[in-house]
S.K.: 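There's a structure below that I have some questions on.
Here is how names work: the chains are called A, B, and so on, in the same order as the sequence lines, proteins then strands, and each is numbered from 1.
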Amino acid sequence: MSTAFLRTVILYFLITAGLRLMGKRQIGQLEPSELVLTMMLSDLATVPMQDFGIPLLSGIIPILTLLSLSMLLSQLSLCSIRIRRLLCGSPTVLIDHGKLRQDAMRKNRFTIDELLEELRGQGICNLKDVKYAVLENSGQLSILPWPGTQPPSADDLGTKVPDSVSLPIILVNDGRLISQNLEQCGKSEEWLQKQVRRQGFHDYREVFLLTLDGGGKIDCIPKEDAK
Amino acid sequence: MKAWLTSIFLLAAILAGSALNCRVMERDVSRWQSQLEQAESAAAAENWSGARSALSQSYEDWFARQTRLHITAEHSVVDGADAMYRRAAAFAAAEEPSEFQAELAGLKHQLRLLAEMEQFSVKNVL
């Protein structure tokens, strides 16, 4: 039993580290090579977890080999477009200027029913409303409707909209000070304490979330047990 | 550049480790087999104390490498060879020449399998 426990712990951390190395993409957004890697890793990890008759090393070595190869190939694909195309494929245009490209659909084994399903999923009921539809490497369909079917933007209407959008920076997270972000904003801990007191608290430890945006606006959410 | 080097280093380390394990296994198996051959010749010459001593020396050498063997080789093959060692020791104690010779032949074959499993060969890869 202890063998199973320890093997599971080791393999769990190894797989977690491996998936962390793969990046931040979700399963649905994986490239073909990444999907293969994920499936192989999970299978390789479960066998030595359950079968004590085989050494743990016979699971770890293939996992490390796969991860190294994956890292090496992703580095190669960064350097060469040809290798990137070979490994990841390239996006295919299924609808070009409103014209359905049946040869591309056949080549990608994408049926008209699947295309219509994807369009309906994105709120489009008519094929004529689509200018471009691109089948991405991840298998997702990106759809660009004709501009005439979309609501006009402020730019289209020639209206000037003030740029009020800025990325809020988290300074306090669950009562903990994020010093790195505070330095990035060019503020000191004394300044923060002053702002916290202005919000009616004694200390930033009483704050659940405190953010500062580009315009200098502070948003503060207290901890439920504070005050 | 760092990611390149890390992955290449890791792959090279795995390959080197596998090659080293193969060499070490071949060397150990060859030594155990020569010890077993000594026991076999002693038994053929009716020198049972010599046969028992050679077998015991081989078993001690084998037993000292159990941790590494269990880390690198399939447990069923290692455990199978261990059981054969013990049976051979029992036949040597009972001074049963034919059973002893048969058990030693089986044991030597099992040890050869152990070394063969680690070899870089087309047979193993495919």
S.K.: Select one option (side chain, backbone, both, neither) describing which atoms of Ser58(A) are under 4.5 Å from chain B's heavy atoms.
M.R.: neither
S.K.: Residue by residue, scan residues 68-81 of chain B and write down, ordered by number, those that have a heavy-atom distance under 4.5 Å to chain A; if none do, write 'none'.
M.R.: His70(B), Ile71(B), Thr72(B), Ala73(B), Glu74(B), His75(B), Ser76(B)
S.K.: Check the surroundings of atom CZ in Phe110(A): do more than 12 heavy atoms from other residues, nucleotides or ligands lie under 6.0 Å from it?
M.R.: yes
S.K.: Indicate yes or no: at least one non-hydrogen side-chain atom of Tyr85(B) is less than 4.5 angstrom from one of Leu36(B).
M.R.: yes
S.K.: Count the heavy atoms belonging to other residues, nucleotides or ligands that lie under 6.0 Å from CZ of Arg31(B), then report whether that count exceeds 12.
M.R.: yes
S.K.: Once salt bridge (charged side-chain N to carboxylate O under 4.0 Å, His left out) is applied, what residue pairs with a partner in residues 176-196 of chain A remain, sequence neighbours excluded?
M.R.: Asp174(A)-Arg176(A)
S.K.: Has Met117(B) got more than 12 heavy atoms of other residues, nucleotides or ligands less than 6.0 Å from its CE?
M.R.: yes
S.K.: Should we count CZ of Phe13(A) as having more than 12 external heavy atoms under 6.0 Å?
M.R.: no
